[in-house]
Amino acid sequence: MQFTALFACTQELIDAAKALLLIDPRPSAHALEAARSRLLEAMRIHGITKDRLLLATLRESDDCAHLAMARRTTEQDLEWRQRTLDYFAAWPLGAVLANPPGHVRAVHRLLRMFERRVAHQEQLLLPMAEEALVQRPLAA
């Protein structure tokens, strides 16, 4: 299937967010850094794969709706990344240790945001990309 790599990195992204949620409420610096590094790496790989497989397919389409969706998704993904960076800025280790319940709530919000982006990917982008692939003119 065309999008197998995307499915795998999407699952890793969700797993990494869940792993951050499941770390000790009063984590060591190493444990927090490891969970956050895993999340950032999963986001990086997911972004590259999504761009290469989904968004590039939509950008190459002659359908204006596909082009608009690729542009809109790129803008939303930038906002998503910024919100994730805002989480990192708001929750250094000292803040996590000072307010474990607040940190858990912040990570829950991140996870829900990731789940919404995945739902958008699966419910809107994948069907549009599949449609764009079907509509591609055959090479001569």
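- For the atom pair CZ of F88 and CG of L40, the computed distance is 4.0 Å after rounding to the nearest 0.5 Å.
- With no hydrogens or angles considered, a side-chain donor-acceptor pair links Q121 and H46 at under 3.5 Å.
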Q: Just do the side chain to side chain contact (heavy atoms under 4.5 Å, CB included) check on L125 and L58 with the steps written out, would you?
A: CA-CA 8 Å; L125 296 178; L58 294 174; 3.9 Å; yes

Identify all side-chain donor-acceptor contacts of residues 97-107 below 3.5 Å with residues at least two apart in sequence or on another chain.
residue	atom	partner	partner atom	Å
N99	OD1	G102	N	2.9
H103	NE2	Y87	OH	2.7

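- A side-chain hydrogen bond (donor to acceptor under 3.5 Å, both in side chains) with E79 holds for exactly one of R83, Q82, R81; it is R83.
- Between the CG atom of L111 and the CG atom of L20 there is a distance of 9.5 Å, given to the nearest 0.5 Å.
- With respect to the salt-bridge test (charged N to carboxylate O, under 4.0 angstrom), the residues R71 and E75 do not qualify.
- Here E41 pairs with R44 in a salt bridge; the nearest charged N to carboxylate O distance falls below 4.0 Å.
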Q | Stepwise side chain to side chain contact (heavy atoms under 4.5 Å, CB included) test for L67 and D62 | A | CA-CA 8 Å; L67 298 171; D62 292 332; over 6 Å; no

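- Interatomic distance, NZ of K50 versus CG of D77, reported as 3.5 Å (0.5 Å rounding).
- Atom CD of residue E60 and atom CG of residue L55 lie 11.0 Å apart, to the nearest 0.5 angstrom.
- Tracing side-chain contacts under 4.5 Å through hydrophobic residues (I, L, V, M, F, W, Y), one reaches L21 starting from L93; they form part of the same cluster.
- Hydrophobic clustering (side-chain heavy atoms under 4.5 Å, transitive across Ile, Leu, Val, Met, Phe, Trp, Tyr) keeps L85 apart from W91.
- Distance CD/E115 to NE2/H120: 16.0 Å, rounded to 0.5 Å.
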Q: Walk me through it: do L39 and L13 pass the test side chain to side chain contact (heavy atoms under 4.5 Å, CB included)?
A: CA-CA 7 Å; L39 179 64; L13 177 64; 4.3 Å; yes

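- Between V96 and P27, the closest heavy-atom pair is CG1-CD, 3.7 Å.
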Q: Carefully, step by step, assess L6 and L126 under the rule side chain to side chain contact (heavy atoms under 4.5 Å, CB included).
A: CA-CA 10 Å; L6 182 62; L126 281 168; 4.2 Å; yes

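- One N or O on the side chain of T84 and one on the backbone of W80 form a donor-acceptor pair closer than 3.5 Å.
- Every residue two or more places apart in sequence or in another chain that forms a salt bridge (charged side-chain N to carboxylate O under 4.0 Å, His left out) with D51 is listed here: R59.
- Hydrophobic cluster membership is shared by L53 and M69, with clusters built from Ile, Leu, Val, Met, Phe, Trp and Tyr side chains linked at under 4.5 angstrom.
- Note that CG of L124 and CG of L54 are 11.0 Å apart. Values are rounded to the nearest 0.5 Å.
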